[in-house]
Every structure is written in C-alpha cells, then in structure tokens.
Amino acid sequence: MQNYLILLAASLLLAGDFAIQKIYQQRSGTGIIAGLTFNTVVGAVTAVLFFILGGFSVNITCYGLIMAGSMSICVFVYTIIGFRILRDGNMALYTLFLMTGGMVAPFVYGIAFLEEVPTPFKVIGMILVTGAVVISNLNIKSTGKYQLFLCVAVLFLNGACSILSKLGQTDTRYGKIAVYDFVCMTGIVKFVICGIALALYLIFRKSKDEKKLTPKILPIIALSAIVGGVSYMLQLMGAERLPASVLFPMVSGGSMIFSTLTGIIFFKEKPTKWQISGVVICFLGTLFLL
C-alpha cells in the first residue's frame with residue numbers, strides 16, 4: 001500500500017508541475033528564450049535541492065551521467081514542445097499524449113527485455129490506452145495537424161524518458177545509481193546543456209522581438225523545479241520496488257486525470273468531447289494495467 005501511496009503523490013505533484021508550467025508560459029510566452037531560461041533554472045534548482053537532500057554529496061559516475069544526460073535532453077525537448085502545445089491547446093490533450101508515451105513504451109520494454117509477463121488484463125488495458133489516443137483526435141480540425149505532430153513527438157520522447165529512468169534503477173551491470181544522485185545529475189546536465197544553448201542563442205540571435213523576461217518569473221520556475229523534482233524522485237523510488245508495467249501506468253493515468261481537472265477548474269479550459277472521452281478511456285485502460 002505504501003508504494004501505491006507514493007505513486008499517487010507523484011501523480012498529484014506531476015499534475016501540479018504541468019499547471020505551474022502553464023502559468024509560466026502564460027506570463028513569459030513560448031519563445032526560445034523562455035524555454036531555455038526555464039530549463040536552465042530548473043536544472044540549477046534541481047541540482048542544488050537534491051545535493052542538499054543527498055547529504056551535501058553526490059556520487060557522479062560515467063554511467064549515471066550518460067543516463068542522466070540522455071533523460072535531460074529528452075525532457076528538455078518535450079518541455080519546449082509542451083510550451084507550444086499548451087499555448088494553442090489544453091492540458092487534457094498535452095497530458096494524454098505525454099502520459100500515454102510514459103505507459104506504452106515501458107510496458108513494451110518490460111515485456112521485451114525485463115521478462116515481465118503480459119496478462120490478458122494488461123493487453124486489454126494497452127488496447128484501451130492506444131484507442132484513447134485515436135479517439136481524442138477524431139475531430140482533427142479542433143486539434144490541428146501541426147499540433148498533433150507535436151503531441152506525437154512528446155509521446156515518443158516521454159516514452160524514452162520512462163525507459164531510461166527504469167534502466168537507471170534496475171540495470172546494475174554498471175553499478176546502481178542512488179535516487180538522489182540520479183536526480184541531482186539530471187539537474188546538473190540540464191543546467192549545463194540549456195545554459196550553454198541559452199548563452200549561444202542570446203549571442204547569435206538575429207531577432208530581439210521576443211517577450212522580455214523579468215526576475216519575477218524566477219520563483220515560478222523554482223517552484224516547478226521543486227514540485228517536478230520531488231515527483232520524479234517518488235517515481236524513481238517506485239521504480240526500485242514495482243514492475244514497469246505497474247509503475248508507469250499508475251503515474252500516467254493518475255496525472256492525466258489530475259491535469260485534466262486542473263485545466264478545467266483553474267484555467268477554464270474546455271476540452272472537446274473527444275478529448276474527454278479519450279482521457280476517460282485511457283484511465284479505464286490504466287486500471288486494467290495495474
């Protein structure tokens with residue numbers, strides 16, 4: 001029961017992080033500077049926070065840096081894409097694709113490489129989850145082909161993140177990576193990569209008509225880093241104790257429902273009937289996967 005409560009908390013925090021990102025996007029825009037600044041500050045705050053939580057120490061290994069770096073790049077790219085999706089779409093659509101990727105990829109990976117057995121209920125669940133994505137986009141005019149393309153990209157990128165996070169906690173051939181160390185390393189890598197990219201963009205950019213950022217948005221970014229970092233830490237703790245075919249469906253399904261409700265209640269979003277149907281069906285599929 002304790003493991004499931006941990007994942008429930010992770011889902012709530014993940015939905016909260018999506019809402020914070022939505023607020024940041026509304027105040028700072030969705031330009032390249034806004035995206036790079038967000039990821040740079042998030043990386044720095046995450047690294048410092050988990051360095052402190054880890055007892056003011058971090059065990060950096062080559063394997064850990066490779067895994068953390070790969071994850072950081074995937075997260076950075078889908079965060080930038082997510083800004084674009086949230087600008088023109090809603091949280092229900094974004095989280096449906098994001099979380100579906102987080103379910104399908106580790107489910108398939110767990111069966112193919114971790115010898116996890118696909119029970120009939122899990123197969124039914126995966127069929128429902130896949131069908132939910134199709135149903136949510138039956139009204140293609142309301143979504144837009146470009147936005148749909150971005151959503152599919154997010155699906156694959158988050159799927160890759162889920163597999164990498166599971167590998168970081170289960171693949172002991174190169175040494176086990178402690179949870180605090182892994183999250184801290186992802187923050188360090190994200191800060192370095194995005195910080196360099198931001199500096200180069202500011203030096204060589206041709207247009208200067210992007211929305212100017214003010215120091216007032218820094219607390220919003222810091223809050224996102226804390227909420228998202230704790231959520232990710234709880235997910236990694238779950239990855240140590242639960243199979244991938246249980247862990248990711250529960251986190252994905254829970255955060256999907258919470259994010260949709262958050263968008264409707266706090267941002268007055270109005271998802272289409274197809275998107276709502278997709279979320280409901282995806283949630284039902286999640287139940288079969290548990």
Side-chain angles (χ1 to χ4, degrees), residues 9-53 71-95 98-99 150 154 157-158 161 183-184 186-199 201-202 205 208-235 251 254-256 258-269:
S11 301
L12 281 167
L13 289 170
L14 189 57
D17 187 26
F18 292 150
I20 295 169
Q21 291 182 32
K22 178 85 172 180
I23 294 172
Y24 173 82
Q25 170 256 321
Q26 289 176 337
R27 297 187 181 184
S28 304
T30 58
I32 295 177
I33 292 179
L36 289 174
T37 300
F38 180 87
N39 281 276
T40 301
V41 177
V42 164
V45 174
T46 300
V48 172
L49 174 63
F50 283 88
F51 176 74
I52 295 172
L53 292 175
M71 270 207 58
S72 296
I73 292 172
C74 289
V75 172
F76 162 64
V77 175
Y78 83 57
T79 300
I80 296 296
I81 295 174
F83 279 9
R84 294 288 180 176
I85 296 173
L86 290 173
R87 181 188 65 180
D88 302 317
N90 53 55
M91 290 180 65
L93 179 68
Y94 175 54
T95 54
L98 184 71
M99 296 297 101
L150 295 179
V154 163
L157 286 166
N158 193 40
C161 286
V183 181
C184 183
T186 60
I188 293 172
V189 174
K190 182 183 290 187
F191 170 71
V192 172
I193 292 176
C194 297
I196 293 174
L198 177 61
Y201 181 78
L202 290 174
R205 62 175 174 160
K208 297 186 178 181
D209 58 355
E210 289 188 49
K211 190 174 182 179
K212 292 184 178 180
L213 304 183
T214 65
K216 293 182 180 180
I217 54 90
L218 292 179
I220 298 176
I221 305 177
L223 181 60
S224 175
I226 294 170
V227 173
V230 174
S231 173
Y232 182 50
M233 179 193 72
L234 294 176
Q235 292 176 54
V251 173
S255 58
M256 194 181 305
F258 295 139
S259 295
T260 301
L261 292 174
T262 299
I264 294 172
I265 296 171
F266 295 103
F267 298 100
K268 310 302 179 184
E269 294 178 348

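Numbers here simply count residues along the sequence, with the first being 1. As a basis for the values below, the full set of heavy atoms in this structure was taken, side chains included, without hydrogen atoms, waters or symmetry mates.
Partners of Phe267 by side chain to side chain contact (heavy atoms under 4.5 Å, CB included), not counting sequence neighbours, listed by chain and number: Ala19, Lys22, Ile23, Gln26, Met91, Thr262, Glu269. In this structure Phe18 satisfies the ring pair (Phe, Tyr, Trp, His ring centres under 6.0 Å) test together with Tyr94, sequence neighbours excluded. Judged as a side chain to side chain contact (heavy atoms under 4.5 Å, CB included), and not counting sequence neighbours, the contacts of Leu150 are Ile81, Arg84, Ile85, Tyr146. Taking Ile80 as the reference, Asn39, Phe76 meet the side chain to side chain contact (heavy atoms under 4.5 Å, CB included) condition, with sequence neighbours excluded. The side chain to side chain contact (heavy atoms under 4.5 Å, CB included) check on Thr40 picks up Phe191, Cys194, Leu198, with sequence neighbours excluded.
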Chi angles and distances behind the side chain to side chain contact (heavy atoms under 4.5 Å, CB included) call for Lys190, Thr46 = CA-CA 9 Å; Lys190 182 183 290 187; Thr46 300; over 6 Å; no

Show the numbers, then the answer: is there a side chain to side chain contact (heavy atoms under 4.5 Å, CB included) between Phe38 and Gln25?
-> CA-CA 10 Å; Phe38 180 87; Gln25 170 256 321; over 6 Å; no

Which donor-acceptor pairs under 3.5 Å do the side chains of residues 223-234 make with protein atoms, sequence neighbours left out?
| unit_1 | atom_1 | unit_2 | atom_2 | d |
| --- | --- | --- | --- | --- |
| Ser224 | OG | Asp17 | OD1 | 2.5 |
| Ser231 | OG | Ala10 | O | 2.8 |
| Ser231 | OG | Gln235 | NE2 | 3.2 |

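Judged by distance alone, the side chain of Ser72 and the main-chain N or O of Thr186 form a donor-acceptor pair under 3.5 Å. Between the side chain of Thr37 and the main chain of Ala34, no donor-acceptor pair closer than 3.5 Å is present.
For the atom pair CG (Leu202) and CD1 (Ile32), the distance works out to 10.5 Å, reported to the nearest 0.5 Å. A distance of 11.5 Å separates CD1 in Ile20 from CD1 in Ile221, rounded to the nearest 0.5 Å. Put simply, OH on Tyr78 and CG on Asn158 are 4.5 Å apart, with the number rounded to the nearest 0.5 Å.
Just one residue in the list Leu12, Leu14, Leu13 forms a side chain to side chain contact (heavy atoms under 4.5 Å, CB included) with Phe258, and that residue is Leu12.
The heavy-atom pair separating Ile217 from Ser28 by the smallest distance is CG2-OG, 3.4 Å.
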